[in-house]
Amino acid sequence: MPIFSALISVVLGLGISLLIFWSLNWLVEQSNNKWKSRLLPYVFLAPVFVLVAIFLLYPALRTIVQSFTQTSLRRGEGDTFVGFQNYQELLTDPGFLGVLLNNLLWVLVVPAATVVIGLAVAILTDKLGKRRETTFKAMIFVPMAISGVAAAVTWRFIYFYAPPGNPQIYLLNSIWTGLTNQDPVPWLTLDAGRLNSFLIMCIAIWLYAGFAWCFSQLLSRPFLKKPSKQPGWTGPANDAPFSSSLSRRFAARSWRSSSPLSSSS
Amino acid sequence: MTLIPTPVVDETKGRTTVDVHRKKRRLNAAGEAQKPHIITTLIMGAIALIWLFPLLGLLITSFRTKAGVDATGWWTVFVDPFGQGWTGQNFVDAWAALDVGTTFWNSVAVTVPATVLPVMIAAMAAYAFTFFQFRGKEIYFGIVLGLMVVPVQLAIIPVLQLFVRFGEITGIQIIGQYPAAWIVHATFAMPLAIYMLRNYMQTLPNSLIEAAKIDGASHFQIFWKLVVPMSVPALASFAIFQFLWVWNDFLVAYIFIQSGDNAVMTQGLYTLLGQYGQGWQRVAAGSFITLVVPLLIFFGLQRFFVRGLTAGSVK
């Protein structure tokens, strides 16, 4: 039964998207040539505009507007405009400022560390043979496939705290008590020097190092586009023979099917 | 020395050294130098081990008994592999607690459309942003890209309110159903997908598209028959990322699908996490069950998303 309902919804979801394409196509076919060329870009963009406007732009704007208002606790009563009062309260609240500082540390440390590790992996593995390169990359990028919940469970076995007297079954505290002979430390509630923040950043770095590498490959594409500007760069190795030959084949076929001229030429 | 009748040793000393020399030189020419290779391998091996280490702990824990997990750390099995029992029962328990028979299919029902939908829609938009000339193109593109900074957390309350209002007006309750998650996942994938795919499409040979136009192909034909097939590497790599994100997502599923009949696997794992009183070995086993599909996708399609990102343009 769950399989059945899942199947129905998958088919339904894909069907809806195909319907969108089909109806857009139909819409354009109906209009005359002059309008066609003018409308066409917007037809291609329409699904994105609708989604982004309703579920991205509207929530963002609404949140901004709401940040200047105070919601009435009584039902049915509208919000009242309070200007910058909410901001003032938050920015003078030491707790919130601490949170902001944590966030700042996160955006400084995590991207920097993931990019450095991702780059190091790329550079180092590049020197190795093909097999070792793929093996090491696969090992380091495995956390990309892990959900946040599973990652939390995984790191729990390292960071958690068992009170003194109990068996120290968590790695960090086991090392700590073994080395110093002191009581175990509740690492995740230890905010001296923002230690707990840094400990959790380690989890994020562990999770995202693979993404950093992937996206460095991805975002370098536009810069690799013009090889003439980079002397000594020999052009991207065409290491996707599958894709290029496939597209060439498709391209060739579409010529034959779509154009009356190609048969004669 | 002459007593051993092998041809290698029968060779003169001089020739042997020449041979070794030649071999060494050839290796140098092929792989720069031999020594840094070993160091690099060691460094990479160390990093790889550190990276796999937490997962190793999870794996070992998932096969231990409750008594073992409560008494000693998982690393003690290296010292004493058979001092305590090993069991597969955790996986049986976790399978039942996760309700895999239901949550797995719910995850599929959420993930597949939430992957295909945004890829198709974003490909269309990327096509428009690459191959059309129209007023305000760069401004629209800038807005879409700029919206990348909007985090999903910010949209949760307004979008929930929208869904509630929609339910009040039409009588169709979206919250708790798959489409709620599809819409949210598709929307928040959009900016990055459009950026990625536009980048890729810009590297496609313009002459091919121009030629197709001259031959009378409509934009829909060019899109479906030329641009989409040629963009397969980029489409595939984005689809794999999106699949992994959606499959592993907890927040959106927790808010918009919730823990009813349509609960997904991460929701099931979260529920299992709440039952930690029955032992962490069950939670560890449950984590591994949820990892199976992403790991299969990851290793099975690795070639695609690594090569897809780095693939050269069509020549």
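What's counted below: heavy atoms across the whole structure, side chains too, no hydrogens, waters or symmetry copies. In what follows, every chain begins at residue 1, and chains take the letters A, B, ... in the order their sequences are listed.
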Pick one of side chain, backbone, both or neither for [X], based on which atoms fall under 4.5 Å of a heavy atom in chain A.
| X | result |
| --- | --- |
| B:Thr72 | backbone |
| B:Thr103 | neither |
| B:Gln177 | neither |
| B:Ile194 | side chain |
| B:Phe223 | side chain |
| B:Leu147 | both |
| B:Ala155 | both |
| B:Leu154 | both |
| B:Ile121 | both |
| B:Pro191 | side chain |
| B:Phe104 | neither |
| B:Trp247 | neither |
| B:Leu295 | both |

With a 4.5 Å limit on heavy-atom distance, are the side chains of [X] and [Y] in contact?
| X | Y | result |
| --- | --- | --- |
| A:Pro41 | B:Phe129 | no |
| B:Asp70 | A:Pro167 | no |
| A:Ser9 | B:Trp182 | yes |
| B:Met190 | A:Leu51 | yes |
| A:Phe4 | B:Trp105 | no |
| B:Met120 | A:Leu18 | yes |
| B:Met44 | A:Arg132 | no |
| A:Phe157 | B:Thr61 | yes |

Requested in this report: Would you please classify the geometry between the A:Phe211 ring and the B:Phe241 ring as parallel, tilted or perpendicular, with 30° and 60° separating the classes?
Outcome: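 The arrangement is tilted - the two ring planes meet at 30° to 60°.
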How many angstroms lie between atom [atom1] of [X] and atom [atom2] of [Y], to the nearest 0.5 angstrom?
| X | Y | atom1 | atom2 | answer |
| --- | --- | --- | --- | --- |
| A:Ile146 | B:Phe288 | CD1 | CZ | 7.5 Å |
| A:Met139 | B:Ile50 | CE | CD1 | 11.0 Å |
| A:Leu57 | B:Thr187 | CG | OG1 | 11.5 Å |

[X] atom [atom1], neighbour heavy-atom count above 12 within 6.0 Å:
| X | atom1 | answer |
| --- | --- | --- |
| A:Tyr170 | OH | yes |
| B:Tyr270 | OH | no |
| A:Asn103 | CG | yes |
| B:Ile157 | CD1 | no |
| B:Phe250 | CZ | yes |

With chain B as the partner, which of [options] has the greatest number of non-hydrogen pairs under 4.5 Å?
| options | result |
| --- | --- |
| A:Phe136, A:Tyr42, A:Tyr58 | A:Phe136 |
| A:Leu56, A:Thr135, A:Val11 | A:Leu56 |
| A:Ala150, A:Ala162, A:Gly148, A:Ala152 | A:Ala150 |

Contact class of [X] relative to chain B, heavy atoms under 4.5 angstrom:
| X | value |
| --- | --- |
| A:Ile54 | both |
| A:Pro47 | both |
| A:Ile158 | side chain |
| A:Ala151 | neither |

When you measure from the side chain of [X] to the backbone of [Y], do you find a donor-acceptor pair of N or O atoms at a distance under 3.5 Å?
| X | Y | answer |
| --- | --- | --- |
| B:Trp75 | A:Leu171 | no |
| B:Asn248 | A:Ala145 | yes |
| A:Trp155 | B:Pro54 | no |

Query - Residues A:Leu45, B:Phe132; criterion side chain to side chain contact (heavy atoms under 4.5 Å, CB included); working and verdict - result: CA-CA 11 Å; A:Leu45 288 173; B:Phe132 282 113; over 6 Å; no
Taking all heavy atoms of [X] and all of [Y], pick out the closest pair and write down the distance.
| X | Y | value |
| --- | --- | --- |
| B:Thr266 | A:Ser147 | CG2-CB, 3.9 Å |
| A:Ile140 | B:Trp51 | O-CD1, 3.0 Å |
| A:Arg156 | B:Trp280 | NE-CZ2, 2.6 Å |
| A:Phe44 | B:Met124 | CD2-O, 3.5 Å |
| A:Pro59 | B:Val159 | CG-CG2, 3.8 Å |
| A:Val48 | B:Ala125 | CG2-CB, 3.5 Å |

Query - Working for side chain to side chain contact (heavy atoms under 4.5 Å, CB included), residues A:Leu40 and B:Phe220 - result: CA-CA 9 Å; A:Leu40 210 51; B:Phe220 271 95; 4.2 Å; yes
Report task. Go through the steps for B:Phe299 and A:Val142 under the test side chain to side chain contact (heavy atoms under 4.5 Å, CB included), then give the verdict. Result -> CA-CA 9 Å; B:Phe299 282 113; A:Val142 158; 3.5 Å; yes
Report task. Show your reasoning for whether side chain to side chain contact (heavy atoms under 4.5 Å, CB included) applies to A:Val52 and B:Tyr140. Result -> CA-CA 11 Å; A:Val52 166; B:Tyr140 291 134; over 6 Å; no
